[in-house]
Structure formats: structure tokens, C-alpha cells
Amino acid sequence: MLGYYSMAIKFLTPELIEKHQPQEKGLRVEDIVRNTLNAPVIKRGYKKAHSSDLTKATYCPRMVALWREAGCPEEHEKVNATLAMTFRMGNLTAQLFCEDLGGESVWGNWVCRHCDDQHDQCYKPKPCSCHPDATWKYEEIVFVHEESSASGSIDCFMDLRTGKLTLIELKIIGPEDFQKLLMPMWEHRIRTQMYLEIIANSNHPAKDLIHLDTAKVFYMCRTHGKKVATRKLARVTPFKEYDVKPDPAAVQKYLDKARQLKIWEDTGEYPEPLCSSADCDQAKECPYLEKCIELGGFPL
């Protein structure tokens, strides 16, 4: 097939190529898609101390406190079409995994897309009787660290026949990064360790059903995958999985950010600023810079 394609290229002429280019009349399909992807979206905000935010180097507890004090103003952002497409494909792939590829081993919350009937903390229910075409939507379970109020929304849990449920962190990555993987990427490992620590220190009723001494990061490649040699054979696969062990010491500095916010909520004592100078790029872009300086503790 490849040989046929290579031979066909020899016969391509500029005229033939031009004939198949999009015409000027009407709209291009790409224009419509880009306009959809480029539409402004409402930012998630900082009402909760999400693990995915806390582990970012730019997360500033004082800025979050000032944002909440200002009434949690809604903010819009525009994401470029390429990145927006990546996000959407990632979300759809995660949905496909939880609702289909994970089979009967996925455990969590389920909502009927037709009648909104809900089944919590269970394996995927049998087809809902409300409609022949009814399907179940998987919803992530959220855990909250009791002391700091840091929260973690878990991609899914799976029954891997090990006695308890295993936390699964799903990641969809490109073929270049996929081929280089020999262990979980740092940000994926530390976030998974955050989830284990949050669950272990939560009062969630499902805590005792979950392995607290191990979790998995499961990678899915956006293409057909790469050839990977295993102990038994070499095969092309779009999947890689790695175990992650808890590391309470490694995640404390991220939980400390949530603790600072909890102290502010309880006592009114503002967190220390993240920026070391008013001239740093993050400070210049912060909408609360003047207020931050007024509060003191901010190097000028």
C-alpha cells in the first residue's frame, strides 16, 4: 500500500493539487472548528484548593485569598485552538476509558444520561430500564483532605483483583513523549501521590475500600502507539502503566498552600505572597498586586 502511494505521488501535478484545495466560496470547515475551539470559556476559579492547582509552581495562596475576598469574580479565558483540541480529545478519551474500555472493573459514580438516575460508589450498573438507548455517564469521586481542605478529583478506581480498589490516574500524551516514557512524568507522579495523601486523610466513607499504599498512572498514546518489549514478547501498544507509591513528605509543601488558605478562612490571617519581587512576571500580571503590597510582607 505504501509503495502504491509513493508511486502515485510521482503523477501529482500542481494543477491536480490545486483542484483539491478548499475553494474561496462559503466557509471552510477548519474555520468553523477553530471558531468553536477559540470561544472564550469561564475559568474554573479557586473556590476549592484542587490538587492540580496546588502542584503548580505559580499557585499563590495569597492571590487565591484575595480572589475569594473579592467575591470569586468570574474570569474568561481564550485557549488557542490546538490546545483546546488537545483538552477535548483528552477528556473524550478518559470518558471512553471509564465508560467502555475499563469494562466491568471501573468503580465510581454513575448517572443515566436519559433519566438522571444515579448510582454512587459502585461498579457500572446494568443498562437503565428507562429507555432502550440509555447509557451511563461516569462521574469522578472527589475527596477532601480533612486538615487542609485540599481536594482531589480522581479519574477512576478499578478493581484489579488485589483485594481493594486501585486509584487510576489517566494521561493521554503524544507519540514523542510516549516513546520516551520509562517512568511516570514528575507532575503526574506527584499529583497521584497528592491524591493518595488526600484520600488517606479524608473522612470519605469509601476510604477503607481503596489501596492507600499504591496507585497507577495509565498512559494512552494519541496514535497507534510504539513497539514495546515485555518479558514475554515485543508488540506495538498505545498503553503504558506505572505504579506510584505514597510519599507524604514530598507532598507536604503543596498541602501547606492549602493549609495557609484554611488558616486565612478561619482566622483572617493572609498567606505569605509567592512572588519574591514586584518586578517578577507573575506579580506584574497579578490583578491583586496593589492590595498584596498593602498587606505587607511583600518585597518591593
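Each residue takes its place number in the sequence, starting with 1. Computed from a predicted model, the values in this text were never measured in an experiment.
At least one donor-acceptor pair closer than 3.5 Å links the side chain of Trp136 to the backbone N or O of Lys126. A donor-acceptor contact shorter than 3.5 Å is absent between the side chain of Lys171 and the backbone of His188.
A salt bridge between Asp279 and Lys284 is absent, with no side-chain N of the basic residue lying under 4.0 Å from a carboxylate O of the acidic one. A salt bridge links Lys56 with Asp53: the distance from a Lys NZ or Arg NE/NH1/NH2 to an Asp or Glu carboxylate oxygen falls below 4.0 Å.
Of the N and O atoms on the side chains of Arg88 and Thr36, not one donor lies less than 3.5 Å from an acceptor on the other residue. Between the side chains of His145 and Ser148, at least one donor N or O lies within less than 3.5 Å of an accepting N or O. Side-chain polar atoms of Asp159 and Tyr123 form a donor-acceptor pair below 3.5 angstrom. Using modelled atom types, one finds no donor on one side chain facing an acceptor on the other under 3.5 Å when comparing Gln179 with Asp177. Tyr270 and Glu69 are linked by a side-chain donor-acceptor pair at a separation below 3.5 angstrom, with hydrogens and angles left out of the test. Inspection of the Glu140 and Ser153 side chains reveals an N or O donor paired with an N or O acceptor under 3.5 Å.
Between Tyr288 and Trp67, the distance separating the two ring centers is not shorter than 6.0 angstrom.
Contacts of His114 classified as side-chain hydrogen bond (donor to acceptor under 3.5 Å, both in side chains), with partners at least two apart in sequence or in another chain: none. Partners of Gln252 according to the side-chain hydrogen bond (donor to acceptor under 3.5 Å, both in side chains) rule, which considers only residues two or more places apart in sequence or in another chain, are Arg259.
In this structure, Lys240 forms no cation-pi arrangement with Phe218, as its terminal cationic atom is not both closer than 6.0 Å to the ring centre and no more than 45° off the ring axis.
The aromatic rings of Phe157 and Trp107 sit perpendicular to each other, their planes meeting at more than 60°, with 30° as the lower class boundary.
Clustering ILVMFWY residues whenever any of their side-chain heavy atoms sit less than 4.5 angstrom apart, transitively, puts Met183 in a cluster other than the one holding Ile172.
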